[in-house]
Amino acid sequence: MDIVFYITAFVTVISTIMVITRHNPVHALLYLIISLLSISVIFFLLGAPFAALLEIIIYAGAIMVLFIFVIMLLNLGKETARQEKEWLKPKVWIGPAILSAILFVELFYLITIADVAPYNLQTVDPKTVAISLFRPYLIGVELAAMLLMAGVVGAAHIGQHKKMILHRFLKEEGRL
Amino acid sequence: MNNLLWLIPVLPFAGFLILALAGKHLSRVWVALIGAGSVSLSAIIVPIIGIGFLSHPPATGNYSQTLWTWMQVGDFNPKITLFLDALSLVFVFVITFIGALIHIYSAGFMASDKDYSRFFACMNLFVFSMLLLVLADNLLLLYLGWEGVGLCSYLLIGFWYENPVNGYAARKAFIITRIGDTAMAIGLFVIFYQFGTLAIPDILTKAPVLWHQGASIATITALLLLAGGVGKSAQLPLQTWLPDAMAGPSPVSALIHAATMVTAGVYLISRMHIIFQLSPIAQMIVAVIGAATLFIAGFSALTQYDIKRVLAYSTISQIGYMFLALGVGAWAAAIFHFMIHAFFKALLFLAAGAVIEALHHEHNIFKMGGLKNKLPVIFWTFLIGSASLAALPLISAGFYSKDQILWYAWAAEGGNPLLWFIGLLGAFITAVYTTRMMILVFWGEAKTEIGHRPGKLMTVPLIVLAFFSLFAGFIELPHNFGHFRLFSDLLQQVLPETILKAGMNTELQFQILALLSTLGGIYLAYVFYYKQPQRIEKLKQSRFVMNLYLFWFSGWGFDKLYNTLIVKPIVFMANVNKNDVVDKLYQGVTFITIRLYQSLSFTQSGSLRWYIMGLVIGAIIILSMQIML
Amino acid sequence: MKSSIEIVMLLAGLLFVLGIAGVIIRKNIIFMLLSVEVMLNASGLAFVAAGSRWAQPDGQVMFIFILAMAAAEVSIGLALILQIYHQHKSLDIDKLKEMKG
């Protein structure tokens, strides 16, 4: 395998680990962007340049900007980082980490027992992807459009500033 | 004429609907007008149809009017069809005519009752159901009417429901008749299974074809139907409800428990006579039940002191005569006695109701007396009714009908001397207890002050009924005495002619014997209760007589017997099973479910991370399975 | 470049597991959402790798759908986070235990 792949894979894993361990949300976000960029390199290596571009433009570009906006809106800073430090005790993370490790070992085993021969990579260019997307997967595109529409409407609705509203059952309980 | 038929049952039903829905908002006058008017209109329509039927007999021998198809399930499509032939004509006439009179009487009798409209609603519903019963063209519709009259009987026995005793009597009547009804329902299932139809004309034509004479299936069916009739008609062994049913108002006793409903069994048996004819055993059982009932009820009537219970036992006994007649194959005679009995027993109950009303609800005949001159109308009408009940020779209608039955009990094909003798003994007892009742109520010294006297509304029906009790017998005269057979000729269209045994031409002797037994009974009662009452006292000294008296008084101990044999074991089992053994299983299921839910609800911690942990563990397990297997 | 699908799949699996671990161990909802993004990415990687193995465009198509879904999910999720913060003045997931059974 290409040495480039290993390097990028290594970068991806490291940056992802950093994402889940950082205390400051902005730091974590930066590491996530690095992780996404390296994944886009892997996509490119796998012969999927279109996916690599989308990864950078939409994920690293658009979605991460959303996160940054929210973090700024909530004004999360040092206070949050300090709090995170308190929350992230070994007592908290050791169990889940072990479980995840077991899961990974199992995945590792299952993937490696499959005897897969190496193959010659072929680039799947954007044109083929586009033809596939708008011919057999047209329904899927429509559904995705609807999903995005629902996401926009839902976000607009949920994001409105409202007063603290208790559920009616909780209200009753409170009265009692 | 034919198309007026549907009006007969519909008018009382309309009356019921109006009274049940709007009765509370109507004035008493309107309630009485609707209640009595609807039945009276039906009573007017019946002769119109009847005259048409008699003057121009239809070719098929019946009028039939299909209103609509009740339901359609495969080949089974019972229709709401009204069916009028000679037999149902007699019943419809009696029901509407006597029903109308009793309704008019009730308008006066119940005048001060607070539930005036409820009473008339129930009575109208009863008349409707009874008409449906006798006009039904299929057994399913008949069964609807059958249950309808049972329901109305229950409602009206318990009419004064504030008193728990009345409610108990109503429940008793309902449950005991239900026993018979269940058997009858099974009988209907058998019939449907055998013939694939419940339409009465079809059954009657198919039965002799499919079943041979004496077939056991015919016997079973006949006995099941008989059980229904026995329950409804208060015959042995299901007779215990009728004396208690007297808890209802007197017009109810007159209409339901004397004139019409209790004779539904007679109607059913004569309607299905072909099935009974196919089974000589079943027919014999009918006769035996009739004879035994009339005997037992007669002796019980002798000992009662409640005037309505005397009449109740006499009703049981008279229906016993009808069963006896049916059993020996004297179909027309049974129906004839039914009609005459309806007249005089309705009269007696209404008159008794008037007496009770006049004496401030006093039921005890030993506390009555001396009413002969104080209530002359009631006295004369009651006397006529009693004469008919006791079958006073020649002048009373009861003589002609009962004499016919006695004669057939000996001479008809199914008759035998024992049945005849029991019938004769019954006639003797009837004369005794009737005279005893007359003497105690109307002669002697007055023991209770008279309240208010019955008004015109109450006396006019009495007079009309008295007229019929006297003269209705003349439409059917014995063979050797005019041989006038208007009634049996009419019924001949439907019911088979009574076949006499060979060499029977001595009817006169039997008539003289019957006459003597009646007169003897009257004389005996006259001696014991009027001339020398001290003889009764002397008799009461004897232990044996006293025990016998108590035994008869309790209706031959049937109530006690059923109590020990059936009621007590069931109550005992119910007590044992109070906590419902079977239910334990289901309680266990709910218990386990609740415990499981409680333990599982612990996992619903509301913590998102725990849920994800669950997901991860699940994934691990699934992957491990993939690896292991 | 000669390539073996296994190693890419292993990378995807590793990223996925890291994402899961992140979702579980973090208390802050924003971090949980970030970890979910990581998981989505991992599955996208698996799709693209599989698509490239057979030189078919379907893998990339699936990746595009995942992308669309992730965008919608993030917009809703972030709106929810904003709302939660306004209501509870906290981003601690353990404080949102009102639905306890």
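Keep in mind that this is a model prediction, so the values were computed, not measured. Letters A, B, ... are given to chains in the order of the sequence lines, protein chains preceding strands, and every chain is numbered from 1.
- Contacts between A:L66 and chain C at a heavy-atom distance below 4.5 Å involve backbone atoms as well as side-chain atoms.
- The contact between C:L11 and chain A is made entirely by side chain atoms (from C-beta outward), counting heavy-atom distances below 4.5 Å.
- Annotation: maximal heavy-atom pairing with chain A below 4.5 Å, among C:I25, C:L91, C:L82, occurs at C:I25.
- Neither the backbone nor the side chain of C:E73 comes within less than 4.5 Å of any heavy atom in chain A.
- Within the 4.5 Å cutoff, no side-chain heavy atoms of C:L80 are placed close to those of C:I29.
- Two residues are said to be in side-chain contact when any heavy atoms from C-beta on lie closer than 4.5 Å; A:T8 and A:F44 fail this criterion.
- Contact annotation: the side chain of A:M18 never approaches that of A:I34 to less than 4.5 Å [non-hydrogen atoms, C-beta and beyond].
- Only the side chain of A:I58 comes within contact range of chain C, judged by heavy atoms closer than 4.5 Å.
- With chain A as the partner, the residue from C:R26, C:M32, C:Q56 showing the most heavy-atom pairs under 4.5 Å is C:R26.
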Stepwise, does the side-chain contact (heavy atoms from CB on, under 4.5 Å) test hold for A:E55 with C:N41? CA-CA 9 Å; A:E55 178 87 4; C:N41 245 306; 2.6 Å; yes
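- Per-residue counts of heavy-atom pairs under 4.5 Å with chain C were compared for A:I71, A:I17, A:V70, A:L74; the largest is that of A:L74.
- At a 4.5 Å heavy-atom cutoff, the contact between A:I42 and chain C is made by side-chain atoms alone.
- Contact annotation: the side chain of A:F43 approaches that of C:L45 to within less than 4.5 Å [non-hydrogen atoms, C-beta and beyond].
- Across A:L110, A:L133, A:T128, the residue that shares the most heavy-atom pairs under 4.5 angstrom with chain C is A:L133.
- For chain A, the option among C:A72, C:S35, C:A70 with the highest count of heavy-atom pairs below 4.5 Å is C:A72.
- In terms of non-hydrogen atom pairs under 4.5 Å with chain C, the most contact-rich of A:F69, A:F67, A:F50 is A:F67.
- Between chain C and the residues A:L29, A:L148, A:D125, A:T123, the largest count of heavy-atom pairs under 4.5 Å involves A:L148.
- Between chain A and the options C:D92, C:L10, C:I76, C:I20, the largest number of non-hydrogen pairs under 4.5 Å is found for C:L10.
- Looking at A:L32, the atoms closer than 4.5 Å to chain C (heavy atoms on both sides) all sit in the side chain, from C-beta outward.
- Two residues are said to be in side-chain contact when any heavy atoms from C-beta on lie closer than 4.5 Å; A:R22 and A:L30 fail this criterion.
- With chain C as partner, the option from A:T16, A:T12, A:L143, A:L107 having the largest number of non-hydrogen pairs under 4.5 angstrom is A:T16.
- Ranked by heavy-atom pairs under 4.5 Å with chain A, the first of C:I30, C:L34, C:L15 is C:L34.
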